[in-house]
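We name chains A, B, ... by the order of the sequence lines, and we start the count at 1 in each one. Computed over heavy atoms, backbone and side chain alike; hydrogens, waters and symmetry mates excluded.
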2 protein chains.
Amino acid sequence: MRKTRDSYSIADLAKEFDVTPRAIRFYEDKGLITPERDGLRRIYSPRDRVRLMLILRGKRLGFSLKEIQEIIDLYDAEPTGEAQYMKLIESCRKSRESLRQQLEDIQVTLGEIDAVESQCQKLLDETRAHGQKVG
Amino acid sequence: MRKTRDSYSIADLAKEFDVTPRAIRFYEDKGLITPERDGLRRIYSPRDRVRLMLILRGKRLGFSLKEIQEIIDLYDAEPTGEAQYMKLIESCRKSRESLRQQLEDIQVTLGEIDAVESQCQKLLDETRAHGQKVG
DNA sequence: GCGCCAATTTACGTTTACGTCAAAACCCTG
DNA sequence: CAGGGTTTTGACGTAAACGTAAATTGGCGC
């Protein structure tokens, strides 16, 4: 009884993450995933599975596949010189910048939603109170 | 010297928020903004300006214009009965749910980026140290 | 060997969110 | 009132991210 299998079919991943095989193949087309092959069949490794998870998380954050590509590349980049390291660090800095902006946007929005909801709840309570007396 | 003007041209807003007039008109097409008119010319009120800000924030968060529409509608909804209130509160709950997911995604990603960067920084330092001795 | 089902390739279709002209109207200025 | 800048309304184009349909291929179960 193993929890992490060592290979998956496209249907396995499609079902697990609730996306279509077409979408997964599309990500491969764009170079985001490169599964092994058994003849024609695609064989996905646990590593491929993680990449798919990263892709989908990127999508939830509203990034384009190209942006997701860049972020994922950060993870398994093997810098081959000082210049490469600098570029990598710079990429990290940029990504963080964008993410921080999003973080702020979300917190602000969450605050506003909360305000709307509590105001709404308050008015609802009032309406009900009056409703009781009137009706 | 007033800071908040009481009307703006489309070019004013386009410049302020760094979007094209075309985009702003497009949002109007989709019902996200409804500026006044002076003949043909569109006249944007401070309220319209705020709506545009909300739209752009929604875009930064990766929402579609349709989703943004729904969120914005929360702000100036004038519920006209108990059922309306309930629906509004439900909408708030959904939005919060989605935003919390995003918040989590962002925090995780930020953590990972930080890890990548610090690891990178460390390797860079080592490379430099060795480089000094060797070269 | 044959039917069946899953997976693949190819290719065209679709939706979203604008970009990019083009042509006409408006407005101010000299 | 001619010229120049701004704005408007079409209308067509486009990039991204798949959807969808059709034709093929590849095991498997009997």
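For D:dT8, its base never sits under 3.5 Å from the side chain of B:Arg42 at any donor and acceptor pair. Between the side chain of B:Arg25 and the base of D:dT8 there is no donor-acceptor pair of N/O atoms closer than 3.5 Å.
For the helix from C:dG1-D:dC30 to C:dG30-D:dC1, the terminal axes (five pairs an end, C1' atoms, rotation from four pairs onto the next four) enclose an angle of 0°, given to 10 degrees.
The side chain of A:Arg41 sits closest to C:dA7 out of C:dA7, C:dG19, D:dC18. The side chain of A:Phe26 approaches D:dA17 more closely than any other nucleotide in the set C:dC18, C:dT8, D:dA17. Nearest nucleotide to the side chain of B:Arg22, out of C:dC18, D:dG26, D:dC18: C:dC18. In the set C:dA7, D:dT7, C:dA17, the nucleotide with an atom closest to the side chain of B:Ser64 is C:dA17. For A:Leu65, whose side chain is taken as the heavy atoms from C-beta onward, the closest listed nucleotide among C:dC18, C:dA7, D:dA17 is D:dA17. Across D:dG19, D:dT7, D:dT9, the shortest atom-to-atom separation from the side chain of B:Arg37 is found for D:dT9. The side chain of B:Leu40 has C:dA25 as its nearest neighbour among C:dA17, C:dA25, C:dT8. Listed nucleotides D:dC18, D:dT6, C:dA7 differ in distance to A:Lys59; the shortest reach to its side chain belongs to D:dC18.
Panel note: side chain A:Asp114, backbone A:Gly111; no donor-acceptor pair is recorded below 3.5 Å.
Distance, B:Ile24 CD1 to C:dG19 C1': 15 Å, rounded to whole Å. In this structure, the CG atom of A:Asp29 is 10 Å from the C1' atom of C:dT9, given to the nearest Å. Counting to the nearest Å, the P atom of C:dC18 and the NZ atom of B:Lys66 are 15 Å from each other. Residue B:Tyr27 contributes atom OH, which lies 7 Å from atom C1' of C:dA17 at whole-angstrom precision. The CD atom of A:Glu70 sits 13 Å away from the P atom of D:dA16 (whole-angstrom rounding). Rounded to whole angstrom, the span from the CD1 atom of B:Ile55 across to the P atom of C:dC18 amounts to 10 Å. The interatomic distance linking A:Asp18 (CG) with D:dC18 (P) rounds to 13 Å, in whole Å. Atom P of nucleotide D:dT6 and atom CD1 of B:Ile43 are separated by 16 Å, given to the nearest angstrom.
With DNA chain D read from its 5' end, the first of the two nearest nucleotides for B:Ile10 and A:Lys30 is the one closest to B:Ile10. Sequence order on DNA chain D of the closest nucleotides to A:Ala23 and B:Asp12 puts B:Asp12 first from the 5' end.
The side chain of B:Thr20 places an N or O atom within less than 4.0 Å of a non-bridging phosphate oxygen (OP1 or OP2) of C:dG19.
A salt bridge links A:Arg93 to A:Glu90: one of the charged nitrogens lies within less than 4.0 Å of a carboxylate oxygen. Salt-bridge annotation for A:Glu28 and A:Arg37: present, with a side-chain N of the basic residue lying under 4.0 Å from a carboxylate O of the acidic one. Ionic pairing of A:Glu70 and A:Lys94 is not present here: no N-O contact between side-chain nitrogen and carboxylate oxygen is shorter than 4.0 angstrom.
Considering every non-hydrogen atom in both A:Pro21 and A:Ile10, the closest pair reads O-CD1, 3.6 Å. Heavy-atom minimum distance, A:Asp48 versus A:Ile43: OD2-O, 3.9 Å.
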Run the numbers on A:Ile68 and A:Leu54 for side-chain contact (heavy atoms from CB on, under 4.5 Å), then give the verdict.
CA-CA 8 Å; A:Ile68 293 174; A:Leu54 291 177; 5.9 Å; no

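Results of the side-chain contact (heavy atoms from CB on, under 4.5 Å) test with A:Arg51 over A:Leu32, A:Leu56, A:Asp76 single out A:Asp76 as the only residue that passes.
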